[in-house]
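Comments concern the structure below.
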Amino acid sequence: MLDPLLFIELAGIGLITGFLAGLLGIGGGMMLVPVITFVLDARGVVPDLAVKMAIATSMATIVFTSIASVRAHHRRGGVRWDLVARLTPGIVLGAALASAGVFRILQGRWLALLFGAFIGFTALQMLRARPVAPTRTLPGTAGLVGAGSVIGFASGLVGAGGGFLSVPFMTWCNVAMHQAVATSAALGFPIALANVVGYIWAGADVAGRPAGSLGYVYLPALVAVASTSVLAAPLGVRAAHALPVPTLKRVFAVALLWVAAAMIYRAWSG
């Protein structure tokens with residue numbers, strides 16, 4: 001259902017997004033959503049549906065990327081499993097509300113604007129290096145459930161793995177950066193799984209979907225991206241311990257600002 005050249009191009013995007021997932025603790029939605037939107041546009045899918053399917057398909061890839069990434073982080077002892085356990089209930093609740101409810105109601109144009117604003121915010125967060133008060137600590141269980149709900153809900157609307165919120169939140173609470181990145185990778189799995197179930201359910205009876213769709217998820221693109229992203233994620237984890245990650249974050253942030261501007265312009269003008 002995809003021509004060979006397009007499959008290879010999507011597989012290449014999968015390598016990049018998988019590497020970034022392991023390196024920076026972020027999902028690949030920032031790159032995948034615009035690319036998959038373009039792919040579906042070219043296949044005659046109406047713009048509103050194309051954006052929704054791109055977001056859902058991007059999230060589905062995180063199910064596979066997060067598994068590969070977290071295994072590599074766990075071997076290095078970076079994952080705070082106590083935080084994963086306390087954040088996950090809220091994440092599942094927020095993700096279900098977003099993917100099975102609000103996502104279907106919102107127009108694709110507004111989702112595209114939200115996506116552009118989200119990656120712009122993520123880029124600005126990467127460029128800022130604000131000091132953290134040394135006395136600040138993590139909230140109690142109720143506070144972590146609330147934070148998880150916000151992370152799961154926001155991720156469900158923009159097709160991201162939650163690292164854009166979970167990593168800043170944990171570092172703001174004085175969790176070490178390498179632990180925040182590793183724990184964010186572990187949180188990507190419940191975020192993605194809960195949201196994908198919602199996307200499949202909410203999009204099951206939507207008209208105009210292309211062949212190979214499962215709800216809002218476009219399976220050909222999912223296979224192309226997931227097949228390579230799982231290979232690249234452990235390489236990103238290894239690179240995180242050898243490369244100047246702060247410098248890489250700044251370079252990536254500048255690229256994200258350009259993508260954000262393009263996505264907002266597309267949504268606003270279309």
| task | Begin with the C-alpha distance, continue with both residues' side-chain angles, and end with the deciding distance and a verdict on side-chain contact (heavy atoms from CB on, under 4.5 Å) for M59 and I191. | result | CA-CA 9 Å; M59 180 64 78; I191 288 172; 4.1 Å; yes
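- When all heavy atoms are compared, the tightest approach of I36 to S58 is CD1-N, 4.4 Å.
- Considering NZ of K52 and CZ of R209, their distance stands at 12.5 Å, rounded to 0.5 Å.
- Annotation for A224 and S227: closest pair O-OG, 2.9 Å, computed over non-hydrogen atoms.
- The two atoms that bring L87 and L144 nearest to each other are CD2-O, 3.1 Å, heavy atoms only.
- A98 approaches G156 most closely through the heavy-atom pair CB-CA, 4.0 Å.
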| query | Passes side-chain contact (heavy atoms from CB on, under 4.5 Å), F153 versus I91? Steps please. | reply | CA-CA 7 Å; F153 183 82; I91 281 172; over 6 Å; no
| field | side-chain contact (heavy atoms from CB on, under 4.5 Å) assessment of V63 paired with F189 | value | CA-CA 5 Å; V63 173; F189 182 77; 3.8 Å; yes
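- Between L15 and T228, the closest heavy-atom pair is N-OG1, 3.4 Å.
- Here the CZ-CG distance, from R80 to L187, works out to 11.5 Å after rounding to the nearest 0.5 Å.
- Atoms CE and CG, on M170 and L83 in that order, are 6.5 Å from each other to the nearest 0.5 Å.
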| task | Check the pair L10 / I8 against side-chain contact (heavy atoms from CB on, under 4.5 Å), numbers first and verdict last. | result | CA-CA 5 Å; L10 287 171; I8 292 171; over 6 Å; no
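- For the atom pair CZ (R86) and CH2 (W81), the distance works out to 15.5 Å, reported to the nearest 0.5 Å.
- Between N195 atom CG and Y216 atom OH the span is 13.5 Å, to the nearest 0.5 Å.
- Smallest separation of non-hydrogen atoms from A202 and S99: CB-O, 3.7 Å.
- Heavy atoms from other residues, nucleotides or ligands lying under 6.0 Å from CZ of F169 number more than 12.
- When T37, D41, V45 are each tested for a side chain to side chain contact (heavy atoms under 4.5 Å, CB included) with V51, only one passes: T37.
- Looking at T61 and S229, their side chains never bring a donor and an acceptor atom within 3.5 Å of each other.
- In this structure, I62 CD1 and T57 OG1 are separated by 11.5 Å, a value rounded to the nearest 0.5 Å.
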